[in-house]
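Keep in mind the model is a prediction, meaning the values are calculated, not measured. Here is how names work: the chains are called A, B, and so on, in the same order as the sequence lines, proteins then strands, and each is numbered from 1.
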Number of protein chains: 2
Amino acid sequence: MTNSIRDVAGRAGVSVGTVSNVLNRPELVSEGTRTRVLDAIAELGFVRNESARQLRAGSSRSVGLVVLDISNPFFTDVARGVEEVVDAAGLSLILCNTDDRPAREKAHLATLAEQRVQGVLITPTAELSGDIAALRDRGVPVVLVDRRAPTADQCAVSTDDVLGGRLAAEHLLERGHRRIAFIGGASGLPQVQERHAGVVAAVEEARRAGMAGADLTVLSPAELSVAGGREAASRVIGIPAARRPTAAVCANDLMALGVLQEMVRHGVRVPDEFAIVGYDDIDFAAAAAVPLTSVSKPRQDLGRRAAELLLDESRPGHVHEQPVFEPVLVVRESSMTRRDPGAEL
Amino acid sequence: MTNSIRDVAGRAGVSVGTVSNVLNRPELVSEGTRTRVLDAIAELGFVRNESARQLRAGSSRSVGLVVLDISNPFFTDVARGVEEVVDAAGLSLILCNTDDRPAREKAHLATLAEQRVQGVLITPTAELSGDIAALRDRGVPVVLVDRRAPTADQCAVSTDDVLGGRLAAEHLLERGHRRIAFIGGASGLPQVQERHAGVVAAVEEARRAGMAGADLTVLSPAELSVAGGREAASRVIGIPAARRPTAAVCANDLMALGVLQEMVRHGVRVPDEFAIVGYDDIDFAAAAAVPLTSVSKPRQDLGRRAAELLLDESRPGHVHEQPVFEPVLVVRESSMTRRDPGAEL
DNA sequence: ACCGCGGTATGAATCGATTCAGACACCGCC
DNA sequence: GGCGGTGTCTGAATCGATTCATACCGCGGT
């Protein structure tokens with residue numbers, strides 16, 4: 001059933017070394033023996049045992065990708081970018097999901113270490129654990145994804161989330177909104193904190209520039225999900241009209257969709273009565289029936305670049321890089337308020 | 001850097017066998033030596049080499065899940081179900097994406113075979129390749145996911161897609177629609193063909209029962225994606241009003257969302273002027289601003305059940321099962337046409 | 001004194017692919 | 001004839017964890 005290289009050698013009448021050569025450096029083997037060996041392999045249905053290869057070689061042919069939320073299309077898009085590069089390098093990808101739970105992250109990292117992966121791409125959970133440092137100490141290349149590097153001695157691929165938050169808020173201010181909500185506030189994730197900081201900065205600058213009434217409300221739903229968005233929206237609706245925000249910047253598109261859904265459910269017209277800006281620009285943002293204005297980042301490129309850096313880590317003259325991508329605001333209908341929102345409420 | 005069990009043994013002053021026992025059957029080792037060994041492990045930062053373990057044990061601690069489209073939330077939901085069961089069994093999951101391309105499927109199956117995975121869960125590409133049969137011949141358990149088994153000698157977890165298609169079509173017929181479109185027609189995927197068959201059956205029965213004008217238009221976009229849905233919708237819009245369908249059953253929710261988006265973009269009101277029923281009931285269906293009526297299937301349960309069957313395959317008295325889940329129509333706004341649709345166009 | 005026995009610990013053999021020093025054949029050339 | 005070179009193939013050593021037959025210790029029973 002499970003044939004070894006030895007069985008193949010026997011059948012082809014050659015030594016095990018020759019079979020190995022046929023598998024790995026066929027140019028060293030003469031045409032005749034090569035076809036004899038390949039025939040034997042086909043006849044026996046031989047499949048190389050990767051564990052044995054790995055044991056000898058010392059490292060595997062795979063890399064790990066650890067994400068926060070496999071249900072968020074942002075991460076599957078990143079994964080596609082990673083996969084493209086990893087595939088091209090002849091490696092395979094082990095995709096792990098943590099749901100932002102440190103215990104799961106720890107378990108996954110332990111497994112990946114046992115598997116002797118060539119490297120790990122990770123969007124860490126809110127609290128940056130020591131496990132990642134431990135991995136790096138063991139000599140396993142690690143590249144942070146969608147997360148700024150705390151120190152310069154490692155690679156990280158991120159986007160300028162402060163800028164992203166700022167772009168979103170400035171857009172809403174320009175369109176006449178004064179009372180703005182930021183939805184997703186209390187998350188421990190630095191990405192969210194930076195988006196928040198960008199929004200705060202934009203609002204404060206507007207105020208300093210003399211814009212009257214510019215004001216920010218921060219809402220912190222339990223989850224950064226569609227359900228979380230709904231929860232936050234219903235809280236917004238509960239605020240007395242005079243103080244109620246007329247627009248929201250959401251920390252991701254999932255929440256933005258939840259907000260949109262809840263607003264529509266309560267008969268609040270989007271964008272006329274309430275404008276929404278999302279973050280990530282997942283495909284579903286454009287596909288929403290009120291297409292969502294969103295802060296766009298090159299999701300696949302992020303994954304690709306991260307994977308490239310990871311592969312480069314094991315090359316001799318590697319220098320650590322921390323590329324930061326620039327987000328772009330994609331304006332769609334959800335923020336195209338047609339009248340002065342201030343006058344309306 | 002990379003410590004072996006031998007280094008640990010040296011440091012703790014015991015034999016390699018004892019270290020192995022501490023790792024795998026700690027109850028056989030006396031308290032004193034056990035803590036000595038554990039201390040040595042901690043001090044050296046020892047991490048077990050999984051390849052060596054596997055080589056000796058003959059099989060790995062992981063299973064593969066091969067899906068058609070990682071971007072489709074349906075599959076990530078299935079994956080969550082699988083992961084739950086697989087995690088609980090102390091195994092890890094290798095997630096592979098084929099994009100319905102046989103070549104990629106082949107490559108992934110080859111890798112999984114080389115890794116000696118304990119089993120494979122797979123939603124095969126349209127053309128059922130011989131690679132799966134070859135895997136099973138090698139003794140690797142394989143369970144089909146969201147796909148009926150061609151023969152009774154294997155496990156498969158599916159839903160009754162003929163029923164699903166029928167439920168969707170009957171619902172639209174009951175609400176007064178006569179000219180119905182099925183979007184996603186020419187796919188080679190049996191799932192889609194069955195949904196189609198269900199729709200056809202419902203329409204024909206209606207006609208036989210004397211319902212005048214019941215009629216089906218089949219549209220076959222290039223992809224079963226949001227873009228495919230948009231493409232199909234714009235073709236629907238191009239049909240002269242007198243013959244144009246007033247409602248559509250889509251082969252999955254991604255396409256339904258695309259249809260919805262395109263209709264809204266052209267000023268066609270949903271559901272008043274055009275009703276839409278999706279399939280799969282992904283979370284984004286409910287979150288769409290016009291919440292989508294959809295044929296719901298227990299996505300996580302599907303994954304869970306499939307994983308359970310896979311694990312059971314390697315147990316002695318295993319009998320193959322082909323559970324078929326019943327889909328349920330979840331009615332939301334996208335099909336709640338308020339007036340007689342026939343009168344309108 | 002000897003036996004038997006449970007509780008512990010040992011270490012050589014094993015899994016299968018890779019690697020590399022060395023064997024062998026054959027060729028051309030001095 | 002002898003020598004270096006090239007092309008091809010061999011087979012033992014190796015990677016690290018697991019396993020199992022074996023040995024050892026101490027102790028109660030006879």
In whole angstrom, give the distance that lies between atom CG of A:Asn21 and atom C1' of C:dT19. 9 Å
Residue mapping more 5' on DNA chain C - nearest nucleotide basis, B:Thr33 or A:Leu23: B:Thr33
Thinking salt bridges, do B:Glu308 and B:Arg305 make one under a 4.0 Å N-O criterion? yes
Whole-Å distance between D:dT14 P and A:Ile5 CD1? 19 Å
Considering only side-chain heavy atoms of A:Val14, which listed nucleotide, C:dT19, D:dT18, D:dT10, is closest? D:dT10
Closer to the 5' end of DNA chain D via nearest nucleotide, is it A:Glu31 or A:Arg6? A:Glu31
Looking at D:dG16, D:dT18, C:dT18, which one has an atom nearest to any side-chain atom of B:Ser4? D:dG16
Consider the side chain of B:Arg25, meaning its heavy atoms from C-beta on, and name the nucleotide among D:dT18, D:dA12, D:dT19 that approaches it most closely. D:dT19
Axis bend over the full length of the helix from C:dA1-D:dT30 to C:dC30-D:dG1, computed from five pairs that close each end, to 10 degrees: 60°
Could you check whether A:Ser92 and A:Arg61, counting side-chain N and O atoms only, form a donor-acceptor pair closer than 3.5 Å? no
Look at the side chain of A:Leu55 and decide which nucleotide, out of C:dG16, D:dG11, C:dA12, has an atom nearest to it. C:dG16
Taking 4.0 Å as the cut-off, does a side-chain nitrogen or oxygen of A:Asn24 come that near to OP1 or OP2 on C:dA17? no
Do we see a donor-acceptor contact under 3.5 Å between the side chains of B:Glu105 and B:Thr98? no
Going by modelled atom types, is there a donor-acceptor pair between the base of D:dT18 and the side chain of B:Arg53 at under 3.5 Å? no
Start at the 5' end of DNA chain C and walk down; is the nucleotide closest to B:Gly17 or to B:Ala52 reached first? B:Gly17
Within the 4.0 Å heavy-atom criterion, would you say B:Thr18 contacts the bases, only the backbone, or no part of the nucleic acid? base
From the list C:dT18, D:dC9, C:dG11, which nucleotide is the closest neighbour of the side chain of A:Ser30? D:dC9
In plain terms, say whether A:Arg80 and A:Asp87 are close enough for a salt bridge, that is, a side-chain N and a carboxylate O under 4.0 Å apart. no
Assess, by modelled atom type and distance only, whether the side chains of B:Arg116 and A:Ser51 contain a donor and an acceptor separated by less than 3.5 Å. no
Proximal nucleotide (of C:dG16, D:dT18, C:dT18) relative to the A:Asn49 side chain: C:dG16
Just to be sure I understand the rule, does B:Val29 reach a base, reach only the sugar-phosphate, or reach nothing, if contact means heavy atoms closer than 4.0 Å? sugar-phosphate
Return the nearest nucleotide to the side chain of B:Arg56; candidates are D:dG11, C:dG11, D:dA17. D:dA17
Are B:Arg299 and B:Asp280 ion-paired here, with the side-chain N under 4.0 Å from a carboxylate O? no
Remember a base hit wins even if backbone is also touched, and classify B:Ser51 as base, sugar-phosphate or nothing at under 4.0 Å, heavy atoms. nothing
Under a 3.5 Å threshold, yes or no: a donor from one side chain and an acceptor from the other, between B:Arg48 and B:Asn24? yes
